[in-house]
Number of protein chains: 2
Amino acid sequence: MDNKRELFQVLTRRFGLLNKNCCSVGAIDISTVHSHIIYEIDKQHEPTMQQIAETLAIDVTTFSRQIQTLIKMELVTKSPSLNDKRYYVLALTTQGKFMASAIEASMNNYLDEIFSHMNEFEQETVLRSIKLLNNAMSKSSVCCTPLL
Amino acid sequence: MDNKRELFQVLTRRFGLLNKNCCSVGAIDISTVHSHIIYEIDKQHEPTMQQIAETLAIDVTTFSRQIQTLIKMELVTKSPSLNDKRYYVLALTTQGKFMASAIEASMNNYLDEIFSHMNEFEQETVLRSIKLLNNAMSKSSVCCTPLL
DNA sequence: AAACGATACTTGTAAAATACAAATTAAAAG
DNA sequence: CTTTTAATTTGTATTTTACAAGTATCGTTT
């Protein structure tokens, strides 16, 4: 049973591709990183730059420039915190929220299509397993520690 | 049960990070893409440029330059095919093979550590599920088609 | 309150990754 | 032999990335 690594190699590759494909909505193309940023801003409560950057394990300087891009695309806003002007609070614009749900819908479509190739029982098993795996990874000392 | 997307979002993110971390062997840093290229050259039988590029869904022009880098790093060789001089056959150098097994070992370490947080039954279930998932993805019409 | 260091974020710069269009070389077809 | 098709490379331009250094704000110490 030591094709473990092979299984994961293929899985990561497929996910990478899935992520590349999934994120063009209408005329606008969204990169993988951008989709993750949008996803997290949508999810977290009034997050700051650093919070999102840390969650996604992106270098803050890189992140700063990516946010600038997303602001230019009018998907994200950045307002200085009232308590502490060093912080900026990130939020999605109306367009950004629309984009978030469009990506969500697109992703769900992909996933539903993929899951449609399995029977009910297999689907349940796979979902439960991914939960188990995520959990195990969150406990891991060697990787993935900062991520949600 | 519609946190499906959330589960996958986190999973892909973790895998991305895992892939980023796993690939520095000794003093040499190997990017995710490079590790995938090395993995595939090792696996396939006398592969050509296009074969690997297609397997990994990388643009051939990008791939051409990446191979140039790997050749400079003395991890890969590229020899014109005897039958058809348009083709180049890719192979790993001795160092490249060493690198491949070093990455393999490192990846196995990561995976073993992650799996150590689950019991025997869970481990079996997760592995079986990933097999199921890979299979479902390979049948999918909406994504991931070219990949292995 | 002035000075200090710490914190959050940005810019300078330079390297690497990416991809389209066009060029090159070699085989296959006519 | 000419034309077409195929495999790969180069020209070029954009994007991504990250280290080092910078700016601005806060908290703390004196």
Side-chain angles (χ1 to χ4, degrees), chain A residues 12-13 16-17 19-21 23-24 27-38 40-41 44 46-73 75-91 146, chain B residues 12-13 16-17 19-21 23-24 27-38 40-41 44 46-73 75-91 146:
Chain A
T12 56
R13 193 186 299 162
L17 193 69
N19 252 343
K20 239 181 223 168
N21 283 356
C23 300
S24 69
I28 306 173
D29 261 13
I30 296 285
S31 73
T32 304
V33 181
H34 284 172
S35 90
H36 277 272
I37 294 173
I38 290 171
E40 279 303 321
I41 293 178
Q44 294 189 25
E46 300 193 348
T48 66
M49 306 272 296
Q50 222 170 40
Q51 273 171 40
I52 303 287
E54 226 158 77
T55 306
L56 299 175
I58 301 174
D59 185 280
V60 278
T61 71
T62 304
F63 185 74
S64 171
R65 292 198 161 99
Q66 271 160 345
I67 285 295
Q68 283 168 21
T69 308
L70 287 169
I71 289 172
K72 248 177 225 150
M73 294 168 85
L75 296 172
V76 168
T77 58
K78 192 181 79 176
S79 21
S81 165
L82 300 175
N83 317 334
D84 187 333
K85 284 178 199 161
R86 288 172 301 179
Y87 292 87
Y88 286 91
V89 174
L90 299 174
Chain B
T12 55
R13 193 187 299 163
L17 195 70
N19 252 345
K20 240 181 222 168
N21 284 356
C23 300
S24 68
I28 307 174
D29 261 11
I30 296 284
S31 74
T32 303
V33 181
H34 283 173
S35 88
H36 276 273
I37 294 174
I38 290 172
E40 278 303 320
I41 293 178
Q44 293 189 26
E46 302 193 347
T48 67
M49 305 274 295
Q50 223 172 40
Q51 271 170 42
I52 302 286
E54 227 158 76
T55 306
L56 299 175
I58 302 173
D59 186 278
V60 279
T61 70
T62 304
F63 185 74
S64 170
R65 292 197 161 100
Q66 270 159 346
I67 286 294
Q68 283 168 20
T69 308
L70 288 169
I71 288 171
K72 250 178 223 149
M73 295 167 85
L75 297 172
V76 167
T77 58
K78 193 182 77 176
S79 23
S81 165
L82 300 176
N83 317 335
D84 187 333
K85 283 178 199 160
R86 289 174 303 179
Y87 292 87
Y88 286 90
V89 174
L90 299 173

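Order of the sequence lines sets the chain letters (A, B, ...), proteins ahead of strands, with each chain counted from 1.
- Ranked by how close their nearest DNA chain D nucleotide is to the 5' end, B:Thr48 and A:Ser81 are led by B:Thr48.
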Show your working on side-chain contact (heavy atoms from CB on, under 4.5 Å) between A:His34 and A:Leu75 and close with a plain yes or no. CA-CA 10 Å; A:His34 284 172; A:Leu75 296 172; over 6 Å; no

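- Across the protein-nucleic acid pair, B:Phe63 atom CZ and C:dA19 atom P stand 13 Å apart, rounded to whole Å.
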Decide side-chain contact (heavy atoms from CB on, under 4.5 Å) for B:Gln51 and B:Leu90; before the verdict, give the C-alpha distance in whole Å, the side-chain angles of both, and the deciding distance to 0.1 Å. CA-CA 10 Å; B:Gln51 271 170 42; B:Leu90 299 173; over 6 Å; no

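- Neither OP1 nor OP2 of C:dA16 sits under 4.0 Å from any side-chain N or O of B:Gln66.
- When rounded to the nearest whole Å, the span between CG of A:Asp29 and P of D:dT15 equals 12 Å.
- Here D:dT17 presents its C1' atom at 15 Å from CG of A:Leu56, a figure rounded to the nearest Å.
- Distance CD1 (B:Ile67) to P (C:dT18): 13 Å, rounded to an integer number of Å.
- Between the side chains of A:Gln50 and A:Glu54, no donor N or O sits under 3.5 Å from an acceptor N or O.
- Look at B:Gln68 and you won't find any side-chain N or O under 4.0 angstrom from OP1 or OP2 of D:dT8.
- Rounded to whole angstrom, the span from the CE atom of B:Met49 across to the C1' atom of C:dT24 amounts to 14 Å.
- Regarding contacts with the backbone of C:dA19, a side-chain N or O of B:Thr62 is found under 4.0 angstrom from either OP1 or OP2.
- Taking the side chain of B:Val60 as heavy atoms from C-beta on, and the options D:dA7, D:dT16, D:dT8, the nearest nucleotide is D:dT8.
- C:dA16 atom C1' lies 13 Å from atom CD1 of B:Ile37, rounded to whole Å.
- Nucleotides of DNA chain D nearest to A:Thr61 and A:Lys85 differ in position, and the one nearer the 5' end is that of A:Thr61.
- Counting to the nearest Å, the P atom of D:dA7 and the CG atom of B:Asn83 are 14 Å from each other.
- The distance from atom CG of B:Asp29 to atom OG of B:Ser35, rounded to the nearest 0.5 Å, is 12.0 Å.
- Between the NE2 atom of B:His36 and the CD1 atom of B:Ile30 there is a distance of 12.5 Å, given to the nearest 0.5 Å.
- Rounded to an integer number of Å, the gap from B:Arg65 CZ to D:dT8 C1' is 12 Å.
- When distances run from any side-chain atom of B:Asp59 to the nucleotides C:dC20, D:dT8, D:dA6, the shortest one goes to C:dC20.
- Contact annotation: A:Ser64 side-chain N/O to C:dT10 OP1/OP2 distance is under 4.0 Å.
- For B:Tyr87 and D:dA7, the shortest distance from a side-chain N or O to OP1 or OP2 is below 4.0 Å.
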